[in-house]
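Notes follow the structure.
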Amino acid sequence: MTNIQAELAAAFSKAIAAAFGPEAADADPQVKWAADARHGDLQANFAMGLGKRLGKAPREVADAVVAKLALGDLASKLEVAGPGFVNVTLAPAALARLVAELSADGRIGAARAARSERVVIDYSAPNVAKEMHVGHIRSTIIGDALARVLGFQGHEVLRRNHLGDWGTQFGMLVEHVRELGWKPGQKREIGDLNALYREAKARFDAESDFAERSRLRVVALQGGDEETVALWRELVEESKHHFAEVYETLGVLLDSGDYYGESFYNPMLGDVAAELERSGVATVSDGALCLFLPAFKGKDGSPVPLIVRKGDGGYGYDTTDLAAIRHRIRDLKADRLVYVTGAPQKQHFAMIFEGARVAGWLSEGVRAEHVPFGSILGDDGKPFRTRAGESVRLQDLLAEALERAYAIVAAKSPDFPEEEKRAVARAVGIGAVKYADLSNDRIKDYVFDWDRMLAFEGNTAPYLQNAYVRVMSIFRKAGVEHASVLGQAPSVDAPEEHALARHLLAFGDVVEQVARSLEPHRLCTWLYELAASFHHFYEKCPVMTAPDETVKRGRLALCAAVAEGLERGLSLLGIATVKRM
RNA sequence: GCGUUCGUAGCUCAGCUGGAUAGAGCGACGGACUUCGAAUCCGUAGGUCGCAGGUUCGACUCCUGUCGGACGCACCA
């Protein structure tokens with residue numbers, strides 16, 4: 001499959017070298033998709049910069065390059081405009097051929113990565129014994145989309161769900177359930193783990209002797225005491241069932257094979273500390289083993305360390321994260337490490353990465369990236385909470401999404417069988433929640449608004465799903481399977497057809513952008529523009545009543561490519577499509 | 001105090017590694033259904049891109065300063 005942007009860039013580079021010799025050959029041709037249809041399909045913006053460098057007028061430079069340009073039959077029009085932009089309009093035959101190719105290759109023309117990397121992606125990370133709430137939703141949804149996109153590119157994606165399943169709070173929790181009479185291996189209905197946690201916490205704060213027993217219980221847990229460990233394990237297992245339900249509802253890739261909680265790294269902590277101490281990278285300060293990083297300063301201007309080993313001999317999250325990064329680089333041999341956690345943890349991960357570099361684990365050839373995201377706000381601009389001021393349980397949120405979507409489907413399509421109503425409600429409701437989260441630039445906070453995310457207007461999942469439904473409706477009407485016309489030449493003569501075809505060609509570039517920037521909203525923007533462009537076509541270019549059979553076949557072929565684009569694009573975001581709704 | 005991050009139309013947001021006259025949706029106003037799904041589409045009005053400098057042929061984009069919001073800064077994740 002040809003990437004038209006890359007192809008043009010190569011042709012321009014050649015022409016630049018031919019026109020101005022080797023000293024100009026390194027100039028970036030700056031081939032981009034034209035933002036405005038009046039400027040053709042793609043534009044090359046090298047002339048202004050190169051003209052400056054060569055001391056020539058930009059338009060002269062552009063003319064000279066265009067004279068050397070060999071595009072074969074790709075372009076129907078080349079023009080030098082404005083200060084020296086070179087506008088390229090794709091030839092109909094070439095455009096039709098390219099769209100036919102991409103509709104049939106199963107990838108909408110997106111290339112597989114030149115080199116398959118092993119990517120460890122860390123996301124979701126709920127806490128055991130606490131229910132998942134909105135705080136976990138962004139990491140889960142964004143991480144899932146990134147895992148899908150990177151996997152689609154042909155990378156080997158290792159999902160890591162860094163569960164909060166270890167630490168001092170488990171001393172408290174295990175002690176509490178033990179005192180409630182729990183015995184390992186008993187059959188029991190656990191019910192509300194959250195409530196157990198709250199009870200334990202309340203006792204911990206109120207009863208000093210319980211607090212003391214809890215501290216001893218932590219020691220027992222860390223020391224491997226059989227009964228303590230067994231009870232802890234049961235609590236963890238129970239939580240995993242809860243997580244699995246949420247992931248099932250949400251439709252994300254995470255499964256039980258992806259659980260690598262903090263406890264997984266626990267056995268490595270001592271060795272990590274020993275290694276850092278032995279190599280002299282970490283030093284003792286105030287009784288704690290610390291890894292000081294001069295670039296990170298605290299309130300008083302003195303360096304803030306990573307605490308490798310606490311003063312009491314225990315280990316905190318710094319050590320766990322150091323152990324995890326060492327393990328992922330040294331043992332898993334990852335090429336790329338991706339951490340999808342909230343923006344407040346930005347400095348923490350910058351320190352972990354710097355610490356890993358100082359320790360000699362993270363070196364050139366391995367990329368470590370934190371993928372920060374903002375918080376979810378209510379319509380009052382404050383953190384999204386229930387009216388009672390509590391954090392919203394993820395289960396409740398998803399249940400409401402399904403309920404609201406079901407009400408819409410029931411109202412619009414009352415004749416659908418019950419089962420289909422539910423299936424559509426699931427695709428639309430869950431899709432709306434995911435898309436609302438993914439379609440904004442992730443670094444920004446975003447305002448949670450049911451009505452907006454479930455609307456059929458604007459940049460929403462229902463709008464995109466509906467566009468897909470309309471495409472499929474055409475095929476239903478035509479009595480043609482959309483898959484049967486994939487690979488056929490589309491009609492690209494009308495301006496709306498041309499624009500739609502051109503937009504499809506950019507998919508591969510968009511996927512690459514998402515994989516590089518780890519910003520899924522770029523794919524959302526492409527999808528929204530695809531749907532909008534399809535609607536323009538839909539208004540102006542009837543398929544069933546096309547002027548002749550050739551145009552009709554060409555329009556069906558174009559529709560099939562659009563269907564592929566919508567379906568594939570949404571699936572990379574973890575969002576389902578339905579054939580009617 | 002230091003650092004990170006955000007500030008684009010009344011509201012919610014795009015604007016790709018600086019590129020042409022800054023784009024959408026909602027809301028407002030005005031249109032389009034015996035015609036492939038009107039669950040949609042088209043048009044009009046609406047912005048000194050927080051502010052001030054700077055770099056550049058060219059700045060919403062980069063740099064400096066400044067104002068406003070959010071967040072972070074040693075043994076909790």
Side-chain angles (χ1 to χ4, degrees), chain A residues 28 30 32-36 38-39 43 45 48-49 51-52 58 81-85 87 125 127 162 164 167-169 262 285-290 292 296-312 314-321 341-348 350 372 374-375 377 379 381 408 411-413 439-441 443-447 449 451-452 455-460 462-463 465-467 469-471 473-478 506 509-510 513 516-517 519 521-522 524-525 528-529 532 535-536 538-540 542-546 555 559 580-581:
Chain A
D28 182 354
Q30 297 195 54
K32 299 160 202 267
W33 291 98
D36 189 321
R38 285 171 299 184
H39 303 142
Q43 55 181 223
N45 302 339
M48 288 74 77
K52 180 81 180 169
F85 298 105
N87 295 336
N127 294 313
H162 198 84
T168 50
Q169 71 273 26
E262 291 168 351
S285 167
D286 286 349
L289 183 62
C290 296
F292 283 98
F296 299 91
K297 293 186 178 15
K299 287 172 185 162
D300 57 358
S302 61
V304 176
L306 288 166
I307 306 288
V308 178
R309 188 175 54 227
K310 297 192 286 183
D312 65 4
Y315 302 103
Y317 63 93
D318 281 343
T319 320
T320 308
D321 283 335
T341 70
Q345 292 190 47
K346 194 164 184 194
Q347 179 176 308
H348 169 67
S375 25
L377 306 178
D379 51 16
I408 295 169
K412 309 249 186 194
S413 303
S439 59
N440 289 326
D441 186 354
I443 195 65
K444 299 182 183 177
D445 295 346
Y446 88 91
V447 178
D449 182 332
D451 293 334
R452 191 146 22 86
F456 286 84
E457 300 88 33
N459 191 12
T460 67
Y463 176 80
Q465 289 166 322
N466 184 52
V469 163
R470 294 183 97 174
V471 182
S473 172
I474 293 173
F475 284 101
R476 202 179 310 124
K477 195 90 176 178
D509 294 326
V510 170
Q513 275 180 36
R516 188 182 61 239
S517 66
E519 290 172 345
H521 78 282
R522 296 179 185 284
C524 296
T525 301
Y528 177 58
E529 286 168 352
H535 278 122
H536 299 154
Y538 187 88
E539 293 295 314
K540 293 282 171 53
V543 177
M544 299 308 295
T545 56
R555 287 182 177 167
C559 286
R580 58 174 201 162
M581 60 196 278

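Here the structure is a predicted model, which is why all the values come from computation and not from measurement.
Position along RNA chain B of the nearest nucleotide to A:F475 versus A:F85 favours A:F85 as the more 5'-ward residue. Ranked by how close their nearest RNA chain B nucleotide is to the 5' end, A:D318 and A:E457 are led by A:E457.
Of the candidates B:A74, B:G72, B:C13, B:G72 carries the atom nearest the A:P344 side chain, counting heavy atoms from C-beta on. Distances from the side chain of A:E262 to the nucleotides B:U17, B:A77, B:G72 place B:A77 closest. Distances were taken from every side-chain heavy atom of A:K444 (C-beta onward) to each of B:A20, B:U8, B:C36; the shortest belongs to B:U8. Considering only the side chain of A:E539, B:U40 comes nearest among B:A14, B:U40, B:A20. Checked against B:A77, B:A20, B:G19, the side chain of A:A81 finds its nearest nucleotide in B:A20. The nucleotide whose nearest atom lies closest to any side-chain atom of A:C290 is, among B:C36, B:A14, B:A74, B:A74. Of the listed nucleotides (B:A20, B:A74, B:U40), B:A20 has the atom at the smallest distance from the side chain of A:N87. Side-chain proximity of A:V543 to the nucleotides B:A20, B:C36, B:G72 is greatest for B:C36.
Side-chain N/O atoms of A:H535 and A:Y463 include a donor and acceptor closer than 3.5 Å. Side-chain atoms of A:S375 and A:D445 form a donor-acceptor pair, as typed in the model, at a separation below 3.5 Å.
In this structure B:A45 sits in no base pair that meets the Watson-Crick or G-U test at under 3.5 Å. If you check B:U40 for Watson-Crick or wobble pairing at under 3.5 angstrom, you find it paired to B:A32. Nucleotide B:G23 is matched to B:C13 when pairs are restricted to Watson-Crick or G-U wobble geometry with both distances under 3.5 angstrom. As the counterpart of B:C2, B:G72 is assigned, both hydrogen-bonding distances of the Watson-Crick or G-U wobble pattern falling under 3.5 Å. In a base pair of the Watson-Crick type (N1 to N3 plus N6-O4 or O6-N4) or a G-U wobble (N1-O2 and O6-N3), with each distance short of 3.5 Å, B:G7 is matched with B:C67. Across the strands present, B:U55 finds no partner; the criterion is a Watson-Crick or G-U wobble pair with both atom distances under 3.5 angstrom.
Of all non-hydrogen atoms in A:D300 and A:S302, the two that sit nearest each other are OD1-OG, 2.7 Å. Nearest approach of A:N459 to A:C524, heavy atoms of both residues: OD1-O, 4.0 Å. Nearest approach of A:S517 to A:R522, heavy atoms of both residues: OG-NE, 3.5 Å.
Rounded to whole Å, atom C1' of B:C2 lies 10 Å from atom CG of A:D300. With rounding to whole Å, A:D28 atom CG is found 13 Å from B:U17 atom P. One can place CD of A:E519 at 17 Å from P of B:U61, the figure rounded to the nearest angstrom. For the pair A:R309 CZ and B:A74 C1', the interatomic distance rounds to 15 Å; values are reported in whole Å. Rounded to an integer number of Å, the gap from A:D441 CG to B:C60 C1' is 14 Å. Counting to the nearest Å, the C1' atom of B:U40 and the CE atom of A:M581 are 12 Å from each other. Per the geometry, OH belonging to A:Y528 stands 15 Å off P belonging to B:G23, to the nearest Å. For the pair A:D445 CG and B:U4 C1', the interatomic distance rounds to 13 Å; values are reported in whole Å.
Looking at heavy-atom distances under 4.0 Å, A:A467 makes no contact with the nucleic acid at all. Contact annotation for A:A288: base contact, defined as any heavy-atom pair under 4.0 Å involving a base atom. If you check every strand for non-hydrogen atoms under 4.0 Å, A:F296 touches nothing. Residue-level contact check: A:V469 touches the bases, meaning some heavy atom is under 4.0 Å from a base atom. Residue A:Q169 is out of contact with every strand shown, counting any heavy-atom pair closer than 4.0 Å. When heavy atoms are screened at a 4.0 angstrom cut-off, A:T168 is found touching no nucleic acid atom at all. Here A:G316 lies in heavy-atom contact (under 4.0 Å) with sugar-phosphate atoms only. Residue A:H521 is in sugar-phosphate contact alone, with no base atom involved, counting any heavy-atom pair closer than 4.0 Å across all strands shown. When heavy atoms are screened at a 4.0 angstrom cut-off, A:D379 is found touching no nucleic acid atom at all. Residue contacts shown for A:G49 include a base, since a base heavy atom lies under 4.0 Å away. The residue A:R38 sits close to a base: some heavy atom pair falls under 4.0 Å. In this structure, A:T341 reaches neither bases nor backbone, as no heavy-atom distance under 4.0 Å exists between it and the strands shown. Within the nucleic acid shown, A:P542 comes within 4.0 Å of at least one base atom, counting heavy atoms only. Note on A:D286: a base of the nucleic acid sits closer than 4.0 angstrom, heavy atoms only.
Between A:R470 and the phosphate of B:C41, there is no side-chain N or O to OP1/OP2 separation shorter than 4.0 Å. Here A:Y463 reaches the OP1 or OP2 of B:C41: one of its side-chain N or O atoms lies under 4.0 Å away. At B:A38, none of the side-chain N or O atoms of A:H535 fall inside 4.0 Å of OP1 or OP2 (strictly under the cut-off).
Nucleotides B:C49 and B:G18 place their C1' atoms 15 Å apart, quoted to the nearest Å. Annotation: B:C71 and B:G31 have their C1' atoms spaced 48 Å apart (nearest Å). Atom name P, nucleotides B:C62 and B:A14: the rounded distance is 15 Å, in whole Å. For the C1' atoms, the distance from B:C29 to B:C36 is 31 Å, rounded to whole Å. Rounded to the nearest Å, the gap between the P atom of B:C16 and that of B:G7 is 12 Å. B:A38 and B:U21 have their P atoms separated by 38 Å, given to the nearest Å. The same atom, P, is picked in B:A9 and in B:A22; the two are 14 Å apart, to the nearest Å. Comparing B:U8 with B:C60, their P atoms are spaced 15 Å from each other, to the whole Å.
Going from atom CG of A:D379 over to atom CZ of A:R452 covers 9.5 Å, rounded to the nearest 0.5 Å.
With hydrogens and angles disregarded, no donor-acceptor distance shorter than 3.5 Å links the side chain of A:S285 to the backbone of A:C290. In terms of modelled atom types and a separation under 3.5 Å, the side chain of A:T319 and the main chain of A:V308 share a donor-acceptor contact. A:D286 places no side-chain N or O within donor-acceptor distance of the main-chain N or O of A:A288, the cut-off being under 3.5 Å.
Seen from the ring of A:Y315, A:R309 does not count as a face-on cation partner, given the 6.0 Å and 45° thresholds.
Its glycosidic angle being within 90° of 0, B:C33 falls on the syn side.
Remark: the A:Q513 side chain and the B:C16 base include a donor-acceptor N/O pair separated by less than 3.5 Å. The base of B:A20 sits within donor-acceptor range of the side chain of A:Q43, with an N or O pair under 3.5 Å. In this model, a side-chain donor or acceptor of A:S285 finds a partner on the base of B:A74 within 3.5 Å.
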